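Worksheet: one structure, shown below.
Given the structure is predicted, the values throughout are model-derived calculations rather than measurements. Every chain is numbered from 1 and lettered A, B, ... according to where its sequence line falls, protein lines coming before strand lines.
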Amino acid sequence: MRVRHLRARLKGWGGVGAMAAACALAVVFALAVTCTGSVASQAGTQPAGHRTTKALTVDAARAADDCEAPEKQTLPPSRADGPAITAIKNRPGEKRKLVVGVDQNSYRWGYRDPNSGEYGRLEGFDIDLVHRIAEDILGDPDAVQFKAIPTDQRIPAIQDGRVDLVVRTMTINCSRLKDVAFSAPYFRTGQQVLAPKSSPVEGYDETLANRRICTAKGSTAYAKLEEDRESGDLPASTDISTTVPNQLDCLVRLQLGEVDAVVNDGALAASQAAQDPTVELKGEAFTTEYYGVAMKKDADDLVRRVNQILVDFRQDTATGWQASYTKWLSATMDDDPSASRPPAPEYLRRS
Amino acid sequence: MTHTPNAGAPPTLPAIPPQPSSPTPPGTSTAAPPPAPASPPAPPARRRTAFAEGVDRLRHAATTEPGRLRIIGAVLAALVVAFGAVTAWQMTDRAAAADAVLTSSQPLTSDAADIYRSLADANTAASSGFLAGGQESAATRDRYERDIATAASKLVNAAANAAPGSPSTATITKLNRLLPEYKGLVERARTYNRQGYPVGGAYLRYANEKMQQEMLPAAQDLYTMENERLRADYADATPYPWPAIALGLAALAALAWVQRRTYLRTNRVLNHGLVAATAASTVVLLWLTAGHALARSHLDDSYDHGVRSLAVLHDARIASLKARGNENLTLVARGAETVKVGDTTFDAYDHDFTRDIDTLAEGLAHARRLADDDTGAQPVTAAMGNMTEWKKRHAAAREQDENGNYQQALDMVIGAKGATGECFDAVDKNLATALEHEEAEFATAAGDGRDALTGLPTGAAVLAVLGATGAVLGIGRRLSEYR
């Protein structure tokens, strides 16, 4: 009787006890998980975030320190063949072509005209220059294999040897000079703001506060925005988190209302504005930049050769720089090319 | 949490007197019936439960033969009715599941596969259109429009068949939201393309991204969910109805025992009522076993030769679509994306193409093995031939592209004659034929399976009632001899 009584009691309390124990375990487990989770996430994100920003500012500072006038850091022109040019010329049969990284999305710079009839054909200012280089080195303007590369793949493509040169509205700057060699400048431009005509944005100033800006990943525009936001030249509330593989993708985001403005080289911003009459360039260019042809760091003979070609390109009024400008850019940019014409080249690179 | 030990329960409810029907302390009610003489000087012995009184009455009745006969008759009738009821219930469930396999879950699985296919195909058609520039052909355009229309109508069907609030409903909602978004982007791309602006290409890339990263994974989820539902329906339709079979055997055993008992006591061999009950029960049991075995074998057949072949063919068709999409994107991206495998760098899209075409080859070989007749095997064999030709032409096109002859490569991929597009179209068409054939095979087998169960639930119920009546009448006849 007593035993049964005790058992009945235990039976009752057993359930309660088990439930209590389960609750306690669950609470302990949940606490343990959240605690370790939050500790881990703190450990993971906080210092890492700090590290990258710090590294970037240091990088920018050093780049500014140890390099002056990056557009002059190139080798004097020469027609002599060296190992790089010989290697290109010695390619067998069908492969005897210049492999060039270009863009197929930059209107009037390097793009496909869907209505040109020959639907695989690339054309534009950059493409003219590529044909000229191919003609000079290989004797055939069409001995070119074009590779379309995204903005942030330009340097890796050169370093991995996937392309011989990059002619893709590429700005010569100090940090890039550490990884690749540049020719003398062939075009002058500067960063500019592009926004809808109806937008209150007036230029690169405080009207960009609380606005979302789109830039291409790995572009000089993004580096500049990040630097200026750090230093306070750009309002801290400006959202620059939208980056895209190609500058033209920014126009898509702008039209879809996902961003409020685009920051880009003026030359490319103008080509975007030419595709959409409801957007316009806002304010003046706030930097000065030069486009150059990028090559492998040790391809000295190729750099000299391209510089020689550029000398001819600028002087040739019939089919050279001026003709290409008139053909491709005068419609979307200024009729007067003087603002875009690069200064007389200087060749200060010694090694 | 508010569980209290039952020992403390009675004192907390003093207002209600112990009533006969109310649950009494478990000790008395469960312990009382079997050990009858165990009646200790327990105070609640005066107040007895209905159950205990019933047991007493029964025990009292069991002392006389008519009483025993009454009990036997009741138990027999109950057993036979229970057998009929459980059979009807279990077979109704299985028939419903078999019907669901045939008319709902398999068609929905096919629909989900079609949604995925038409979305991927629309995207491929759109990228082909982009490659062709302003000269997008009427055929490509029609194909794209047809794909979008197919996806839209199949989505409506899927939505109508999905349970509200289920994960598939959420997925369908998502796809329904994304489809017009995608279409809007493609239309903008077309407009800009016609004006000759490269921003059209940028819109197409954005549309492609939306398709690859949001829509196709959602369609894949939907397919997986519908497939799970199909499997669950099969699992509901095919297991043996053990409880019904066990009850049937028990009923037959009881009938046999009663008839032997009657024979031993009266020397009469046949009691018409009991014989009728035995016959009815035997028929139900045989019908149940044979009908279910038949249905099961048809359903297994429809799974092995229908569903499995369909799944393999669907996968192969999707692999060929992906391969075609990547073949196009290789030319759209024009070397923009690369992957490193070991020390070699490959074009990312061409690398994916190789992977997809290998999946296609595997799928076709598998489908060939599963095909159980010539009509099913023939289109698969033809598709294998198309695929071999495709690989050959693709290699030639790649070589042109690697040599910098982009225009030639383009012609060899989207051109009119001798292009890889022809091979892809042929593979797709042959796989469609094979799918149609397997779909028909599935419908026949699953339909036979469902039909094998037709009338079984009703028949079992009616026969059980007849059997029970027979048992009662048979016992009643014996009983009347005592009056």
Looking at A/R91, A/E258, A/Q153, which makes the most heavy-atom pairs under 4.5 Å with chain B?
A/E258
Side chains of B/Y206 and A/L256 in contact at under 4.5 Å (non-hydrogen atoms)
yes
Which heavy atom in A/D113 sits nearest to a heavy atom in B/G196, and how many Å separate them?
OD1-CA, 3.9 Å
If you count heavy atoms of other groups shown closer than 6.0 angstrom to CD of B/E399, is the number above 12?
no
Checking B/N405 against chain A: side chain, backbone, both or neither under 4.5 Å from a heavy atom?
both
Check whether A/Y111 gets within reach of chain B through its side chain, its backbone, both or neither, counting any heavy atom under 4.5 Å.
side chain
For atom NZ of A/K95, decide whether the heavy atoms of other residues, nucleotides or ligands shown that lie under 6.0 angstrom number more than 12.
yes
Cut-off 4.5 Å, heavy atoms of chain A, and the answer for B/Y203 is both
Pick one of side chain, backbone, both or neither for A/R162, based on which atoms fall under 4.5 Å of a heavy atom in chain B.
side chain
Return the minimal non-hydrogen interatomic distance between A/A274 and B/Y197, and the atom names on each side.
O-OH, 3.5 Å
What residue, out of A/I149, A/L122, A/V252, has the most heavy-atom pairs lying under 4.5 Å from chain B?
A/V252
Where the side chain of A/E94 meets the backbone of B/N403, is there a donor-acceptor pair that is under 3.5 Å apart?
no
If I measure from the heavy atoms of chain B, does A/R108 come under 4.5 Å with its side chain, its backbone, both, or neither?
neither
Between B/Q195 and chain A, with a heavy-atom cut-off of 4.5 Å, which part of the residue counts as in contact: side chain, backbone, both or neither?
backbone
Given that the side chain runs from C-beta out, which part of A/V144 has a heavy atom under 4.5 Å from chain B: side chain, backbone, both or neither?
backbone
So which heavy atom on B/A202 is nearest to which on A/D249, and how close?
CB-OD1, 3.5 Å
Against chain B, label A/Q272 side chain, backbone, both or neither, depending on which of its atoms sit under 4.5 Å from a heavy atom there.
neither
A/K97 versus chain B, heavy atoms under 4.5 Å apart: side chain, backbone, both or neither?
side chain
Say whether B/R205 and A/N246, considering side chains only, have a donor N or O and an acceptor N or O under 3.5 Å apart.
no
Polar side-chain atom of A/Q145 near backbone of B/Y406 as donor-acceptor pair, under 3.5 Å:
no
